[in-house]
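Input: a single structure, listed below in C-alpha cells.
Positions are given from 1 along the sequence.
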Amino acid sequence: MAACVASKWSMAVSRSLLGNLSSNNLGSLGKPQDLTSLGYNGLFFQQLRTFIQMRTKLKVVDNSGAKWVRCIQALKGRKGARLGDTIIASVQEAQPRGKVKKGEVVYGVVVRAAMPRGRCDGSEVKFDDNAVVLVNKQGEPIGTRVFGPVPHELRKKKHLKILTLAEHIA
C-alpha cells in the first residue's frame, strides 16, 4: 500500500542488471517457465509493469460500497490509463448496502498504479497495487472518504476533491 520512490540512479542499476541477464542467454528462452527454472523469477517478473487496460481488476479505495472493479475502457490514451486518468469500469464485488451495486457501470479515477511514473525532480513513484476512486460523470467522488495514499500528481489532472478527501498524499 505504501508508495515506493526511487531515484533514476537506482533504476539505471536495475536496468543494467536486467541487461546483464538478457545477455546471459535470456533472449533465447521462449517461455516464462524456463525463466523460473533458472532462478530469474523475482527480478524478471518485477520489471513487467504495464498500463491499466481493458479487463484489469482494480481495488476501490473509497467508501462508495464497491470493493473491486474491472476496467472496461480507458478514456484517454490508446495504450491505457495511468495515474490520474479516468476509466469506465464494471463493479465486480460490492458491499450489501453500498451506494453502488454489483454489475453497475461506473466512472473511476486511477489513484494508485503499479506502473512507475517519473516526477519532475527525477524520482519515480509507483505503488504496490492498482486502485481507483469512483466518480460520477462530472468527476465528483461518489464516496466521502478515500483510504490510503494518493499521489500529488492528481492536482495537475484537476482532481482536487479527491486530494481533499485523502488520508495521505504521497
Side-chain angles (χ1 to χ4, degrees), residues 1-8 10-11 14-15 18 42 44-96 98-170:
M1 291 271 283
C4 175
V5 178
S7 67
K8 280 190 176 182
S10 65
M11 293 304 289
S14 65
R15 280 192 207 108
L18 187 60
F44 182 75
F45 290 111
Q46 184 179 5
Q47 299 296 323
L48 298 176
R49 303 283 191 196
T50 59
F51 289 95
I52 293 168
Q53 54 195 353
M54 191 185 327
R55 296 182 56 85
T56 301
K57 198 170 180 183
L58 298 113
K59 184 177 182 181
V60 179
V61 291
D62 61 5
N63 62 348
S64 61
K67 294 180 183 177
W68 291 96
V69 296
R70 189 174 302 271
C71 178
I72 296 173
Q73 182 182 9
L75 291 181
K76 183 180 177 186
R78 292 185 313 182
K79 291 183 180 179
R82 296 186 74 175
L83 283 176
D85 290 344
T86 304
I87 63 168
I88 299 174
S90 171
V91 178
Q92 298 293 304
E93 189 177 336
Q95 294 173 349
K99 294 178 185 175
V100 294
K101 306 294 181 211
K102 182 179 176 183
E104 279 188 40
V105 176
V106 293
Y107 287 86
V109 174
V110 179
V111 294
R112 292 201 293 262
M115 183 175 183
R117 168 140 182 162
R119 287 186 168 170
C120 297
D121 61 354
S123 63
E124 288 186 336
V125 62
K126 71 177 180 178
F127 294 92
D128 296 336
D129 60 348
N130 296 319
V132 68
V133 170
L134 300 185
V135 295
N136 57 15
K137 287 187 179 182
Q138 290 77 30
E140 300 164 355
I142 294 175
T144 57
R145 295 177 65 197
V146 176
F147 306 109
V150 296
H152 67 82
E153 281 86 1
L154 294 178
R155 188 176 306 276
K156 291 181 184 176
K157 302 275 186 158
K158 308 288 191 251
H159 297 295
L160 297 175
K161 184 69 174 176
I162 295 174
L163 283 172
T164 58
L165 295 176
E167 291 177 345
H168 182 271
I169 298 173

Donor-acceptor pair, distance only, cut-off 3.5 Å: does the side chain of [X] make one with the backbone of [Y]?
{"X": "Asp62", "Y": "Ile142", "answer": "no"}
{"X": "Arg112", "Y": "Pro151", "answer": "no"}
{"X": "Asn63", "Y": "Thr144", "answer": "yes"}
{"X": "Arg117", "Y": "Val125", "answer": "no"}

Closest non-hydrogen atom pair between [X] and [Y], with its separation:
{"X": "Glu104", "Y": "Lys101", "result": "OE2-N, 2.9 Å"}
{"X": "Val100", "Y": "Gly65", "result": "CG2-C, 4.2 Å"}
{"X": "Ala170", "Y": "Pro149", "result": "CB-CB, 4.3 Å"}
{"X": "Val150", "Y": "Leu154", "result": "CB-CD1, 4.1 Å"}
{"X": "Val61", "Y": "Ala131", "result": "CG1-CB, 3.7 Å"}

Does the side chain of [Y] come within less than 4.5 Å of [X]'s, by heavy atoms?
{"X": "Val135", "Y": "Ile162", "result": "yes"}
{"X": "Ile88", "Y": "Tyr107", "result": "yes"}
{"X": "Pro141", "Y": "Val146", "result": "no"}

- Could you tell me whether Lys76 atom NZ has more than 12 heavy atoms of other residues or ligands within 6.0 Å of it? no
- Message: A quick test of your reading: do over 12 heavy atoms of other residues, nucleotides or ligands sit less than 6.0 Å from NZ of Lys99?
- Response: yes
Roughly how far, to the nearest 0.5 Å, is the [atom2] atom of [Y] from the [atom1] atom of [X]?
{"X": "Ile52", "Y": "Ile87", "atom1": "CD1", "atom2": "CD1", "answer": "6.5 Å"}
{"X": "Lys102", "Y": "Gln92", "atom1": "NZ", "atom2": "CD", "answer": "7.5 Å"}
{"X": "Ser90", "Y": "Gln73", "atom1": "OG", "atom2": "CD", "answer": "13.5 Å"}
{"X": "Lys79", "Y": "Gln53", "atom1": "NZ", "atom2": "CD", "answer": "11.0 Å"}
{"X": "Leu160", "Y": "Leu165", "atom1": "CG", "atom2": "CG", "answer": "11.0 Å"}

- Can you run down the side chain to side chain donor-acceptor pair (under 3.5 Å) pairs that involve residues 149-169, sequence neighbours left out, and say none if there aren't any? Asp85-Lys157, Arg119-Glu153
- Partners passing salt bridge (Lys or Arg N to Asp or Glu O under 4.0 Å) against Glu93 (at least two apart in sequence or in another chain): none
- Message: Test side-chain contact (heavy atoms from CB on, under 4.5 Å) on Val111 and Phe127; report intermediate values, then the result.
- Response: CA-CA 10 Å; Val111 294; Phe127 294 92; over 6 Å; no
